[in-house]
Amino acid sequence: MTLKSLGRRHLAVGNGHAIYVRCYGRLTAPPVLYLHGGPGAGIQAADLALIAQLDACVYLVDQRGCGRSRPLGGLAHNHLHGLLGDIEQLRTTLGIEQWCVFGGSFGATLALCYASLYPQRVSGCVVWGLFIPTPGCQWLYGPQGAAHLFPAQYQQFNPAGLELDCLLADFATGLAGQEWPRLAQRWLDWEMQLAMPCALVTEPPLSMEQLALAKIQVHFAANGYFNSMLMLDNLLRFWPTNLCMIQGELDYVCPPATVKAWLAQRGEPRPRELIVVNGSYHAINSPPMLEVISTAMTQALSRLSSSPFAP
């Protein structure tokens with residue numbers, strides 16, 4: 001299906017940031033907010049392919065500092081509460097009462113934080129590759145986590161064998177200096193190794209969008225994802241009842257076992273639909289993962305009646 005563009009614009013959200021918003025689909029179909037991961041990845045071709053079959057009015061946002069948002073790579077006032085405020089400002093600007101919220105990886109984290117803070121505004125929620133910040137950061141970048149699965153690649157990522165805090169501080173300093181191309185390459189190669197081990201590493205020279213991705217990821221990780229773990233813990237009871245969670249069996253970024261263990265430790269009182277997709281990684285561009293996510297999103301939309309678009 002060919003995506004029908006319904007418009008695009010920059011929305012000023014304060015503190016010098018303007019987020020880039022695209023809209024696709026059908027105006028009178030149920031509204032959907034689509035949240036990319038990273039943090040800082042921006043909307044990618046795979047995201048557009050994922051929504052192509054939806055009968056919806058889909059809003060895709062390049063979050064602060066990434067994609068076509070301005071300023072590119074901006075770290076000042078780039079934090080969790082800023083991203084959440086941007087979502088709500090967009091909703092009120094558009095005049096939407098309720099929308100479905102879909103998101104992957106850190107976009108899944110952001111989706112659950114938003115849905116928990118504004119449950120009356122969320123009519124359905126589908127997330128995949130859910131990132132659980134505190135155990136996730138240690139697992140991703142520390143020497144005791146995924147490093148044991150890919151020791152040679154981790155040695156290239158962290159050649160000095162630094163502990164997590166020092167490693168993140170080293171990257172943050174380096175990415176702000178003249179050696180940023182080399183450090184950004186190291187960071188993104190490790191990220192790609194975990195997201196899709198069979199894929200090729202990023203090829204130099206890096207684009208400014210790729211640099212922004214590395215800078216924003218390091219910025220969020222070094223700042224503990226701005227208390228998103230605390231928010232998830234405290235607001236767990238407000239998660240949508242019609243939530244669908246999807247994880248790849250071979251997700252080395254966000255292992256299904258981590259999600260299951262976290263839910264069990266928190267004594268989550270209500271059953272959650274957690275679908276584990278056999279043979280799939282963290283990236284969404286594998287056919288089984290695409291099919292399962294697409295089916296879940298379509299089912300979430302089928303529960304809704306069409307509502308007119310309010311510009």
Side-chain angles (χ1 to χ4, degrees), residues 11 13 17 19-22 31-44 46-47 50-51 58-67 69 74-75 77-92 96 98-119 121-137 140 191 195 212-213 216-221 223-236 238-240 243-247 251 253-254 258-259 262 272 282 284 293 296-297 300:
L11 175 66
V13 291
H17 285 279
I19 58 173
Y20 186 70
V21 184
R22 283 173 271 185
V32 167
L33 172 69
Y34 185 98
L35 297 171
H36 67 70
I43 294 297
Q44 306 292 316
D47 300 311
L50 187 57
I51 68 164
V58 186
Y59 297 93
L60 302 102
V61 180
D62 286 337
Q63 295 155 27
R64 292 189 179 198
C66 66
S69 291
L75 302 183
H77 304 286
N78 196 340
H79 43 61
L80 176 68
H81 291 283
L83 302 185
L84 292 170
D86 295 348
I87 295 172
E88 187 61 2
Q89 182 175 337
L90 175 61
R91 185 195 64 78
T92 57
I96 294 173
Q98 279 193 326
W99 49 7
C100 278
V101 180
F102 302 151
S105 192
F106 184 77
T109 311
L110 188 59
L112 288 178
C113 288
Y114 176 78
S116 302
L117 285 172
Y118 302 97
R121 301 304 181 189
V122 178
S123 53
C125 193
V126 178
V127 299
W128 54 92
L130 173 61
F131 179 67
I132 308 295
T134 297
C137 191
L140 269 175
E191 286 274 333
L213 168 59
I216 293 170
Q217 285 188 324
V218 171
H219 172 65
F220 270 74
N223 285 281
Y225 297 91
F226 298 97
N227 291 323
S228 54
M229 187 78 246
L230 181 63
M231 185 174 292
L232 286 178
D233 281 341
N234 289 344
L235 299 178
L236 181 63
F238 298 117
W239 281 15
L243 167 66
C244 177
M245 295 183 288
I246 301 164
Q247 303 286 132
D251 189 333
V253 176
C254 313
T258 300
V259 179
W262 177 69
R272 298 295 180 188
H282 183 72
I284 62 174
I293 297 172
M297 293 193 301

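Side-chain contact between Val13 and Arg64 is present, with heavy atoms from C-beta onward closer than 4.5 Å. Using a 4.5 Å cut-off on side-chain heavy atoms (C-beta onward), Val101 and Ile87 make no contact. Between Trp99 and Leu90 there is a side-chain heavy-atom pair separated by less than 4.5 Å. Looking at Tyr34 and Leu50, their side chains come closer than 4.5 Å, going by heavy atoms from C-beta outward. With contacts defined as side-chain heavy-atom distances shorter than 4.5 Å, the pair Thr109/Ile132 does not qualify. The shortest side-chain heavy-atom distance between Gln63 and Asn78 does not fall under the 4.5 Å cut-off. Under the 4.5 Å side-chain criterion, counting only non-hydrogen atoms from C-beta, Cys137 is not in contact with Met229.
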Using the side chain to side chain contact (heavy atoms under 4.5 Å, CB included) rule, take Phe131 and Leu140 through it: C-alpha gap first, then chi angles, then the decisive distance, then the call. CA-CA 10 Å; Phe131 179 67; Leu140 269 175; 3.6 Å; yes

Between Leu117 and Met231, does the side chain to side chain contact (heavy atoms under 4.5 Å, CB included) criterion hold? Intermediate values first, please. CA-CA 9 Å; Leu117 285 172; Met231 185 174 292; 4.0 Å; yes

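Heavy-atom minimum distance, Arg91 versus Ile96: NH1-O, 2.6 Å. For the residue pair Leu84 and Cys113, the shortest heavy atom distance occurs at CD2-CB, 4.0 Å. What you find for Leu130 and Cys254 is that their closest heavy atoms are O-CB, 3.1 Å. Residues Asp47 and Gly42 share a closest heavy-atom pair of OD2-O, 4.0 Å. When all heavy atoms of Val126 and Ala300 are compared, the pair lying nearest together is CG2-CB, 4.0 Å. The two residues Asp86 and Ile19 come nearest to each other via the heavy atoms OD2-CG2, 3.8 Å.
Ring pair Phe106/Phe220 is perpendicular by interplanar angle, where above 60° counts as perpendicular and below 30° as parallel. The aromatic rings of His77 and His79 stand perpendicular to each other, their planes meeting at an angle above 60°, with 30° marking the opposite boundary. The aromatic rings of Trp239 and Trp262 lie tilted to each other, with the angle between the two planes from 30° to 60°.
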